[in-house]
There are 2 protein chains.
Amino acid sequence: MVAELKITPLRYVLAVVDHGGFHAASRYLHRTQPALSMAIRELENRLGEALFEKGAKATLTPYGSYCVPRFRELINQHDRLSRELQARAAKEAGQLDMAVVPSVASRLMPKLLSEFVSRYPGIKVGLHDGNADFVREQVISGQVDIGITSLWGLEEELLFHPLFHDEVGVVCRDDHPFAERQTLTWQALETESLIGNGTSRLLQGTAAESLLEMHALYISNMISLTATLVAGMGVTTLPRLAFPQEYERLRFIELAEPRVSREVGLIRRKGASLSPAAQAMESFIIESLAAEQ
Amino acid sequence: MVAELKITPLRYVLAVVDHGGFHAASRYLHRTQPALSMAIRELENRLGEALFEKGAKATLTPYGSYCVPRFRELINQHDRLSRELQARAAKEAGQLDMAVVPSVASRLMPKLLSEFVSRYPGIKVGLHDGNADFVREQVISGQVDIGITSLWGLEEELLFHPLFHDEVGVVCRDDHPFAERQTLTWQALETESLIGNGTSRLLQGTAAESLLEMHALYISNMISLTATLVAGMGVTTLPRLAFPQEYERLRFIELAEPRVSREVGLIRRKGASLSPAAQAMESFIIESLAAEQ
DNA sequence: TCAAAGTGGTAAGGGAAATTTATCATAGGG
DNA sequence: CCCTATGATAAATTTCCCTTACCACTTTGA
């Protein structure tokens with residue numbers, strides 16, 4: 001049977017030692033002197049041995065001298081833990097991982113992350129990018145705390161918080177006949193050499209679904225895809241956010257008739273709540289994007 | 001300001017986790033279920049974050065999962081400390097050092113120590129021997145907890161607990177005229193070649209004081225002294241306990257007229273109390289020697 | 001399908017523990 | 001010798017922990 005050493009009386013002992021007396025310690029602790037006397041007596045009874053000499057003013061017994069550094073150690077550990085856990089709860093420290101689709105990673109996250117880390121300097125963020133299936137899988141398996149992607153079906157295990165709509169358009173080189181157009185219809189694409197990519201399945205279930213069968217090429221890698229487009233080998237469809245603005249020769253033309261868009265949003269596991277750090281990130285993203293529009 | 005994490009609620013959290021529910025934990029802890037609910041709620045408020053999911057039965061939040069191993073660690077440290085300090089108070093563990101004069105070290109301590117260590121298996125004893133001044137000095141300086149020696153004057157800084165009287169006698173070789181005598185008087189020594197030693201000052205202030213001036217030789221080292229006696233170069237005075245029984249050719253003859261004796265006792269510092277282990281040794285020695293006579 | 005037994009949460013009361021107030025005995029300093 | 005410091009003690013009070021009693025909800029088994 002272990003005796004329960006309460007933290008407070010241990011603190012009292014240290015205060016008496018450090019301040020050289022019960023009265024001095026009581027002033028420091030904002031307690032009265034009898035409070036210390038009695039609490040320390042109780043502690044001594046529990047241990048079965050006196051800590052302070054009787055009759056002498058605040059002098060430690062040998063046993064007390066042995067105890068004091070150990071009390072100090074335990075209290076230090078306690079305080080360190082308490083501070084650490086409070087810091088985490090207050091989002092002053094912590095760690096979170098998130099998975100996002102590449103377009104979000106390159107167009108949205110840089111700004112968001114730089115604002116986030118300056119607002120929560122203590123929180124460490126791990127950012128992983130991959131296609132929508134990867135993001136979904138990482139979140140469901142608990143590898144990451146939250147994800148940003150678009151979903152195609154209802155997910156039993158996921159909570160989805162919509163962030164914005166991302167319109168699908170056609171991407172072509174600047175010398176292509178489409179390049180000067182403001183909008184296009186899917187019929188205009190029927191005669192084109194259409195390159196498929198990872199986002200092509202957004203067209204599934206829309207009026208433009210027939211275009212999916214037209215793919216002569218399918219390129220999942222974004223760098224390869226843009227190189228192919230710059231080479232003038234065809235056109236492709238992409239959500240606007242996924243359109244790589246940094247290529248001067250590529251143009252994005254809205255696809256009207258039908259309007260196709262993906263709904264990009266925040267996902268997390270249903271049932272499990274978020275860590276304080278992940279909570280902070282989630283609210284931060286939602287608020288930032290709401291403020292922007 | 002650090003929040004005070006009381007040990008008990010942390011135990012409650014661990015019990016709920018380990019037993020998979022508030023009710024199971026409450027049975028284990030011999031508390032009622034609301035007691036746990038409220039204590040844990042209070043802890044959560046203190047930390048500023050929930051440990052258990054609401055609505056789910058005893059499921060940890062990510063924050064809770066982070067906390068639990070740390071709670072466990074702190075509690076383990078607490079329990080280990082508590083057990084250790086109690087063991088010391090109960091004399092099941094600990095350490096003590098003592099200084100004794102050589103005669104006590106060789107004639108008294110072997111038996112006492114072997115009994116002591118079998119009675120207090122956990123206590124480690126350091127035994128240091130030296131002359132009376134050494135013992136006195138070690139005790140006063142706090143290098144050792146207790147000493148066994150004889151004192152000549154009253155000591156302001158020491159507490160003296162008498163153990164036994166040790167009669168001074170004459171030591172000579174077995175072929176010496178004294179060897180067959182039962183007792184001697186100091187006058188009988190006047191014509192002898194008297195060798196002085198560290199215990200000779202016991203004669204100071206007695207009727208035999210004049211013998212002190214007769215020393216042709218003074219040998220402090222016991223081995224040298226006995227070798228000199230065995231060589232037949234003279235006689236000496238020694239307390240009985242200091243007489244080395246293991247030398248076959250030496251004899252001890254009581255010195256009557258005057259009877260001179262040293263009072264051997266236990267010394268320790270006045271004012272400072274003893275460690276539990278040293279206390280145990282002190283009482284043990286006093287009781288053992290009292291039981292013997 | 002409904003009762004029974006499980007989960008945990010809430011409110012009010014009792015009782016133990018901690019703290020304060022008031023007082024005392026003792027020791028040291030001017 | 002008084003004054004002020006020390007810490008110990010007793011009784012009163014406040015605080016906090018725990019229990020009892022009850023509720024709402026879910027799961028289980030007949």
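Chain letters run A, B, ... following the sequence lines, proteins first, then strands; residues in each count from 1.
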Exercise for review: State which of dG7(D), dA12(C), dT19(C) makes the closest approach to the side chain of Met38(B).
Suggested key: dA12(C)

Study note, to complete from the structure: Between the CG atom in Leu85(A) and the SG atom in Cys67(B), the distance rounded to the nearest 0.5 Å is 4.5 Å

Review point. Starting at CG of Leu36(A) and ending at P of dA18(C), how long is that distance when rounded to a whole Å?
Key: 13 Å

Exercise for review: Kindly indicate whether the side chain of Gln33(A) and the base of dA8(D) share any N or O donor-acceptor pair separated by less than 3.5 Å?
Suggested key: yes

Check your understanding: So what does Ala58(A) touch, heavy atoms closer than 4.0 Å: a base, only the sugar-phosphate, or nothing?
Key -> sugar-phosphate

Practice item. Give Tyr12(A) one of three labels, base, sugar-phosphate or nothing, depending on what nucleic acid heavy atoms sit under 4.0 Å from its own. Key: sugar-phosphate

Study note, to complete from the structure: Closest to the side chain of His23(B), out of dG8(C), dA22(C), dT10(C), is dG8(C)

**Study point:** Under-4.0 Å salt bridge between Glu84(A) and Arg80(A)
**Key:** no

Check your understanding: In whole Å, what is the span from the NZ atom of Lys57(B) to the C1' atom of dA24(D)?
Key -> 16 Å

Check your understanding: Which whole-number value in Å describes the distance from Arg27(A) CZ to dT20(C) P?
Key -> 14 Å

**Study point:** Validation row: Ser150(B), Asp166(B) side chains within 4.5 angstrom (heavy atoms)
**Key:** no

**Study point:** Distance, rounded to the nearest Å, where Leu29(A) contributes CG and dT19(C) contributes P
**Key:** 10 Å

Check your understanding: Reckon Lys6(B) has a side-chain N or O less than 4.0 Å from the OP1 or OP2 of dC17(D)?
Key -> yes

Review point. So, Arg88(B) and Glu49(A), do they make that salt bridge, N to O below 4.0 Å?
Key: no

Exercise for review: Verify the contact: side-chain N or O of Arg41(B) to OP1 or OP2 of dG8(C), cut-off strictly under 4.0 Å; return yes or no.
Suggested key: no

Review point. So, is Ser37(A) near the phosphate of dA8(D), with a side-chain N or O under 4.0 Å from OP1 or OP2?
Key: yes

Check your understanding: Rounded to whole angstrom units, what separation is found between the CZ atom of Phe22(A) and the C1' atom of dA25(C)?
Key -> 16 Å

Check your understanding: Rounded to whole angstroms, how far apart are CG on Leu60(B) and C1' on dG8(C)?
Key -> 15 Å

Check your understanding: In terms of side-chain heavy atoms, does Ser283(A) have a donor or acceptor partner in Gln279(A) at a distance below 3.5 Å?
Key -> no

Practice item. Can you tell me the distance, in whole Å, between the CZ atom of Phe52(B) and the C1' atom of dT7(C)? Key: 14 Å

Revision key, fill the gap. Separation of dT10(C) atom P from Glu42(B) atom CD, nearest Å, is 14 Å

Review point. Of all the choices, dT10(C), dA22(C), dT19(C), which nucleotide is nearest to the side chain of Pro34(B) once you look at every atom?
Key: dT10(C)

